[in-house]
2 protein chains.
Amino acid sequence: MFQLGVSTRDRILDTAERLFAEQGFHVATLRQITQEAGVNLAAVNYHFGSKQALMRAIFKRRLDALNAARMKQLDIALQTDPPELEEVLDAFVQPALAFTRGGDAEGQRFMQLLLRAFADRDTDLHQAMRQEYAHVMRRFADAISHALPDADPERLRQQLDFIVGALTLTMAESALKDTRIIAGELVRFAAAGLRAPVTEETARAVRFPLEARS
Amino acid sequence: MFQLGVSTRDRILDTAERLFAEQGFHVATLRQITQEAGVNLAAVNYHFGSKQALMRAIFKRRLDALNAARMKQLDIALQTDPPELEEVLDAFVQPALAFTRGGDAEGQRFMQLLLRAFADRDTDLHQAMRQEYAHVMRRFADAISHALPDADPERLRQQLDFIVGALTLTMAESALKDTRIIAGELVRFAAAGLRAPVTEETARAVRFPLEARS
DNA sequence: GTATCATTGAAACACTTGTTTGAATCAGGT
DNA sequence: ACCTGATTCAAACAAGTGTTTCAATGATAC
């Protein structure tokens, strides 16, 4: 029950990740974390320095893994030139689910954590996440531009944020068993959105967004 | 500076909304709120009962207004039968920006608050928000189904969540001046995504989502 | 003017928080 | 065996939290 054989440091990491995702950073207390992990209260400050530093360690561990998995799958997609749009999007979406393959809810837990980080603007965690993300996002934006050479790269980059929002919120929200199907749907949905040209109607909507058109 | 002439209750409501959005529910303290609002500390518990109840009051005020605005604009779109898909999506997206028209950042602040509520699963606030939303979401899902009679209603409902995620995250994240343009882009993006049929390629992606396709 | 109610004010309350301390325990090397 | 450094432990610390209390003040009606 107390994950015998695993180091104190890892027990804290796993338990804190779960409780931070479930309850949020400021609601989950060190006493609750250490008690459920079966370690002493002071162990957190000994191994990590502070509660904040613990959070950063948790975040870095998963985000590095997620980004590496995305990069790796993107490289495969980029072996064809120009790359297939769906394969590029797959490389972005699917690794977010890869963690769930083990059977437990780790992947979804991290998406919940990611969603909290997005919500926490003006925190160093938010800044750190955006910076960690910047690399990957730029590479994916470039790949999408190559797949859709006729589209404006700046607009494509903007629309990548739509995909991030849709992915993060639905993955954090949905039941575990549905995530795989939803990911496939999202790729199809996003690919069509990215391919859609700017029509006269939608251009007018951009210019006069609040006009009631009866 | 202290919004002279406005009632104590409203001063608390406005200040707390701002601080909750900026810092989060558990980080913003009643002492900070009451001090910045220029009211006594005990005023919160007198007028609202508790910090939680204050949060609910804040949320209800804006969400009711947002939902009402969406419903009203949806009714206009539904005057044509079948409704135009872009008009239905406009009715969903545009009211989220309507608050920003006054010049201040109220609209974006509320989207940040909404994002926090999404991240806070397993809280009564999250439950309350989902319930308040359920009505509106069902009506919009029905309207979209009417606009796209050939598509599976259940799948359309699923994809409405994509739009919610994209809208909430980008609106909370983006600079204020960009929100109007982004909203127009989102309508175009989402309309194309909803209209896209399920191809053999994407169907395969749904069946074998983690397969590396080189 | 006075009684009645709602509202404000300063202070205290009970409790929890993250962090620190210093002794006890453990492991590995010589 | 003995030393050394890393790790664990129980206890305390200082600070901050939401909430409550009760007297002071304000407004309103009779």
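These numbers come from a predicted model, not from an experiment. The sequence lines fix the lettering, A, B, ..., with proteins before strands; numbering per chain opens at 1.
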Exercise for the section: Identify the heavy atoms of B:F25 and B:M55 that sit nearest to each other, and give their distance. Expected result: CE1-CB, 3.5 Å

Practice task
Using atom CG of B:L30 as one end and atom P of D:dT20 as the other, report the distance to the nearest whole Å.
Solution key: 12 Å

Practice task
Return the value, rounded to whole Å, for the distance between atom CD1 of A:I33 and atom P of C:dT16.
Solution key: 17 Å

Practice task
Return yes when atom CZ of A:R61 has more than 12 non-hydrogen atoms of other residues, nucleotides or ligands closer than 6.0 Å, and no otherwise.
Solution key: yes

Problem - Nucleotide of C:dT21, C:dT19, C:dA10 approaching A:A42 most closely (side-chain heavy atoms) - result: C:dT21

Handout entry: Proximal nucleotide (of C:dT20, C:dA11, C:dG9) relative to the B:N40 side chain
Key = C:dG9

Practice task
Starting from P on C:dC5, measure out to OH on B:Y46 and report it in whole angstrom.
Solution key: 13 Å

Handout entry: Length of the CG-C1' vector between A:N45 and C:dT17, whole Å
Key = 12 Å

Completion exercise
To the nearest angstrom, the CZ-C1' distance between B:R11 and C:dT8 comes to 11 Å

Practice task
Mark yes or no for a side-chain to base donor-acceptor pair under 3.5 Å between A:R31 and C:dG18, with no hydrogen or angle criteria applied.
Solution key: yes

Problem - B:K51, nearest nucleotide to its side chain (from C:dG9, D:dT19, D:dT7) - result: D:dT19

Handout entry: N/O (side chain, A:H47) to phosphate O (OP1/OP2, D:dT8) under 4.0 Å
Key = yes

Problem - Pair B:Q23, A:H26: side-chain N/O donor-acceptor within cut-off below 3.5 Å - result: no

Practice task
Quickly work out the B:L41 CG to D:dT19 C1' distance and round it to whole Å.
Solution key: 8 Å

Practice task
Would you mind reporting whether A:H146 and A:V88 have side-chain heavy atoms less than 4.5 Å apart?
Solution key: no

Exercise for the section: Verify the contact: side-chain N or O of B:T8 to OP1 or OP2 of C:dT8, cut-off strictly under 4.0 Å; return yes or no. Expected result: yes

Handout entry: Test of ring centre spacing under 6.0 Å for A:F59 and A:F110
Key = yes

Handout entry: Length of the CD-P vector between A:Q23 and C:dT16, whole Å
Key = 15 Å

Handout entry: Protein-nucleotide distance (B:I12, atom CD1; D:dT19, atom P), rounded to Å
Key = 13 Å

